Structures are given as C-alpha cells and as structure tokens.
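See structure below.
Just the heavy atoms: all of them, side chains too, but no hydrogens, waters or symmetry mates, feed the values below. Computed from a predicted model, the values in this text were never measured in an experiment.
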Amino acid sequence: MKKILENQVPFPIDAESDNFTAALSSALVITKGYTEDTPYWCVPNRRYCIHCSPCGDNLPERHQTSIYHCLLTASTLAFGFDYPWDDSVNPHTLPGFSNRWRWDDGFINALARFAGFSYLRFDGTSTQEEVLFAMKNSMDNGFPTLLRLENEMEWILAVGYDENTIFGLDSKSHALPDNWHSVMRDAIVITGSTAPEMSYKELLERIASAMSYDVHTELESMIMNALDNVTVENAMDTAGMMNAINGVLVEARWHAEEAFCGEDNLLFNICENKEIHGRLRDTFFARYTMDGNNETHGIGWKIWGVIGVGPKTGYNITPQSADLILQKETQETLKRLFAQVFENDRAVCAEIQACLEQFRKDIQ
C-alpha cells in the first residue's frame, strides 16, 4: 500500500532561518487542512488574498509562512538575539534555553498547546518497528511526522510511504535512505489536530517574560562595551558579533510583527479581546516595521549597511567590515542604532505588560 499526503509545502520559505519551525509550519499546513481554497489574510493589504500579485499563486505556501510567523512568536524565539540551537552562544538571550539545548519536551508541548495538535515522540532508542508503525498509522490518518536524522540540526518531514520506503520532504520531495532509522535522533509523530489550549493571556505572559529576561536586557550594555573597546586585533570578531545579533533581530522581529498584525491566523484566533489585540497590533507595527519610524526592521538594514554587509556579501562580514568598525563614526552610529532596537523592545514589552494588567482588571 502506498500513501502520499497532499498539500505538501517544501521549506524553508523566504526568511525562515529556524529549520524546526519551518518544518513544523509545513507539517501544520497538512495537519490543519490548509488548501488553495482556504482564505489567506494578507497583512500588507489588510484583507483576504484576492490574487492581486504572484505571491497569491500558491496559497498553501502563504499559509505556511503565516504559521511560521505565529510559531516563532509563540515559542518566544521571535524576541531573542540568537537561536537556542546555536551552541556558539552562551548564555542565550531567552529564558529556558540551556547550552546544548535540543528541542526539549516543554518547548514542543507549548507549541502543541498553542497551535493545537497531538503527538507521540520517539528518540534513537526506539525500535524501527514501533516508530514505523506510529508513522504509518498517522500518515494513514492524514498527519506527517517530523524527523531529525544524522544531521542533528536539520528536520525533515515524513509525508508518505510505500511498503518500508519513507518519503521525506524538506526543500524537495525525496525517498529517505533505507537506513534512516539507524541515524534517527528524534521523531515527532503528529497524531491529530486539536483545539488550541494556550490562552492569549498565557501567550502574552510568555512573551513578556522573554523580553524582560536579564540576559536579554544586559545585552545592550555588552554591545555598547564591545563598541567602546574595538581594537585592530578584535575588529573582525566585533564586526562578526554585531552582524550575528543583527541577523537574528532584523528577521525575528519582522516575524513577530507579521504574527500580531495578521488576522485569521493561529495567534489572532485565540484572542477573545480584540480591543487588546488591536493595541498590540498597532504597537508591533509601529515599533518593528512601520517605515520611517525608527522601526527595528529598518534599523537592521541600516546596521548591515554601516558594517558593509548585504546581499552582495551573502549577509556575511568581510575584511571591509573590520576596517569600518575601527572608525569612531561607525562605532557611534552602531551604538545609536542598537539603542533604538532595545528601546523598541522596551516599548513593545511595556504595552504587553499594560495589556496583561488590563486582563487582570477585567477579571476582578
């Protein structure tokens, strides 16, 4: 018997640097039954898609991106300055992520409660027979499996089978090697689509906790200190530090804004108080993406420009970056730009905390 799941969306798409979240987003397109006929809310135009441009030619892909926005936000990864699977960073700028972190059960369970799905989890000690049985049973019911194999940092989806051959999906569809189980590190078998269990209030509490985390707030002083002490010997490393931090924030805060500014998405749909959500939507837009407003996304591009980084360099530093960061003018400009990034985060966090206080007053 051969089984191939429908509505497959290869990943990553566009600015999706977190491989796990991209894989789970594509899995949820299948799990939640998104198709070309599912209405898609377009954030830039603030309306449902009317196919006014080529971006609407593949709506399952657009839904995958929308899910990614929301998952990265609900996981709090959209509010850090690094990703927790990056072992070169210690300590991480978000709470709950220790050194050598690898997608722990609490992390997965929180996303399952937010997005609404049930699952079984297996590790490398599980037998091939039990993993294969669970995967096939789920695929027969229309649900994929997330697999982490020999490359411990990359996830793929199991989206079909034919006898003992498993068909995988990442950037393309392909059959997995026959020895896939011998190199399996992790398997998250989705078993069903459920109602979300995470409340909007809990979601905001998680984000507020992440944004007020001491390492998160202390990073501003670390950046300023590093820029005050640039030398010929450490210029390349300092430029690399600025670029690494900026690469995360310019992308991650955009995902957060898209999640809060969307409608009919995973985040919007768990909110019962639309007045509170409207306040947050306006704050996220103003502080993270609103053109000409010292918004974080625009500042990120300015930071890249100041250190000579961009599409032509593959968003990597070059020897020119070290030369630039040795200049006092560059150092002062970077200090001013990063200060605005942290000010934007503080403004967003303050509005979230004000909304949480409103929730408490409404309960009384």
Side-chain angles (χ1 to χ4, degrees), residues 11-22 24-26 40-46 49 53 55-56 61-84 86 93-94 111 114 203-204 206-207 210-211 216 219 242-268 277 279-307 309-311 314-315 337-349 351-352:
F11 61 91
I13 296 170
D14 197 15
E16 295 183 352
S17 295
D18 182 356
N19 177 262
F20 170 80
T21 303
L24 180 57
S25 298
S26 287
Y40 168 74
W41 181 264
C42 175
V43 171
N45 291 310
R46 298 196 175 186
C49 178
S53 71
C55 75
E61 189 174 280
R62 301 275 63 78
H63 284 296
Q64 192 270 6
T65 305
S66 174
I67 294 169
Y68 185 97
H69 297 322
C70 295
L71 292 180
L72 204 74
T73 300
S75 69
T76 74
L77 297 184
F79 303 96
F81 295 91
D82 65 273
Y83 288 116
D86 183 356
T93 52
L94 292 170
L111 287 179
F114 167 73
L203 172 68
L204 296 185
R206 287 169 53 82
I207 296 172
M211 298 188 79
H216 182 286
L219 182 64
M242 301 302 141
N243 189 51
I245 292 170
N246 188 57
V248 174
L249 74 88
V250 71
E251 178 183 316
R253 302 303 189 275
W254 172 69
H255 287 300
E257 180 274 339
E258 290 286 300
F260 271 91
C261 289
E263 294 188 23
D264 201 4
N265 63 15
L266 293 178
L267 193 153
F268 180 86
H277 184 77
R279 288 168 53 186
L280 292 172
R281 177 198 62 217
D282 293 345
T283 300
F284 272 77
F285 175 62
R287 291 293 180 164
Y288 287 158
T289 65
M290 183 178 178
D291 287 344
N293 197 49
N294 282 327
E295 77 288 358
T296 294
H297 191 69
I299 287 174
W301 280 92
K302 291 178 182 178
I303 290 172
W304 272 329
V306 169
I307 57 176
V309 168
Y315 299 99
L337 292 173
F338 274 111
Q340 185 61 51
V341 165
F342 284 92
E343 177 57 30
N344 287 341
D345 273 1
R346 283 190 288 269
V348 169
C349 187
E351 186 62 24
I352 290 173

Examine distances only and state if a side-chain atom of His255 and a backbone atom of Ala15 form a donor-acceptor pair shorter than 3.5 Å.
yes
Do Trp304 and Asn243 have side chains that approach each other closer than 4.5 Å (heavy atoms only, starting at C-beta)?
yes
Taking every non-hydrogen atom, the tightest pair across Cys49 and Gly56:
SG-CA, 3.9 Å
Test side-chain contact (heavy atoms from CB on, under 4.5 Å) applied to Ser17 and Glu251, step by step
CA-CA 8 Å; Ser17 295; Glu251 178 183 316; 2.7 Å; yes
Check whether any side-chain heavy atom of Phe79 sits under 4.5 Å from a side-chain heavy atom of Cys349, and report yes or no.
no
Could you measure the distance from the NE2 atom of His297 to the CH2 atom of Trp254? Nearest 0.5 Å is fine.
7.5 Å
The test is side-chain contact (heavy atoms from CB on, under 4.5 Å); show your working for Thr21 and Tyr83 and say whether it passes.
CA-CA 11 Å; Thr21 303; Tyr83 288 116; over 6 Å; no
Side chains of Gln64 and Ser25: donor-acceptor distance under 3.5 Å anywhere?
no
Are the side chains of Tyr68 and Glu258 in contact, using a 4.5 Å heavy-atom criterion?
no
Any heavy-atom pair between the side chains of Thr93 and Val248 that's under 4.5 Å?
no
Between the side chains of Tyr288 and Asp345, does any donor sit under 3.5 Å from an acceptor?
yes
The reported gap from CG in Leu71 to CG in Leu267 (rounded to nearest 0.5 angstrom) is 10.0 Å
Residues Leu249, Phe338; criterion side-chain contact (heavy atoms from CB on, under 4.5 Å); working and verdict
CA-CA 10 Å; Leu249 74 88; Phe338 274 111; 4.0 Å; yes
Rounded to the nearest 0.5 Å, how far apart are OG of Ser75 and CG of Leu24?
10.0 Å
Is the distance between the ring centroids of Phe342 and Phe81 under 6.0 Å?
yes
Quick check: closest heavy atoms across Ala210 and Thr76, and the distance to 0.1 Å?
CB-CB, 3.8 Å
Ala339 and Arg346 have their tightest heavy-atom pair at O-NH2, 4.2 Å
Would Ser66 and Asn265 count as having a side-chain donor-acceptor pair, cut-off 3.5 Å?
no
Is Asp264 reaching over with its side chain to a backbone N or O of Trp41, donor-acceptor style, under 3.5 angstrom?
no
Rounded to the nearest 0.5 Å, the SG atom of Cys42 sits from the CD atom of Glu263 at a distance of 11.5 Å
Side-chain heavy-atom pair Ile299, Asn344 within 4.5 angstrom cut-off:
yes
Taking only residues two or more places apart in sequence, or in another chain, which ones meet Asp282 in a side chain to side chain contact (heavy atoms under 4.5 Å, CB included)?
none
To the nearest 0.5 Å, what is the distance between CG on Leu94 and CD1 on Ile207?
11.0 Å
Check Ala347 against Thr283 and note the closest heavy-atom contact, atom names and distance.
O-CG2, 4.2 Å
Kindly indicate, with the supporting measurements, whether the criterion side-chain contact (heavy atoms from CB on, under 4.5 Å) is fulfilled by Leu280 and Leu204.
CA-CA 10 Å; Leu280 292 172; Leu204 296 185; 3.7 Å; yes
Least distance between heavy atoms, Arg62 atom then Tyr40 atom:
O-CE1, 3.4 Å
Quick one: does Phe284's side chain get under 4.5 Å of Arg253's, heavy atoms only?
no
Cation over ring, Arg46 on Phe285, under 6.0 Å and within 45°?
yes
Just wondering, do Glu16 and His69 contact through their side chains at under 4.5 Å, heavy atoms?
no
How close do Ala78 and Ala256 get, counting heavy atoms only, and between which atoms?
CB-CB, 3.9 Å
To the nearest 0.5 Å, atom CG of Leu337 lies from atom NZ of Lys302 at 7.0 Å
Report yes if the side chains of Tyr315 and Val250 come closer than 4.5 Å at any heavy-atom pair, otherwise no.
no
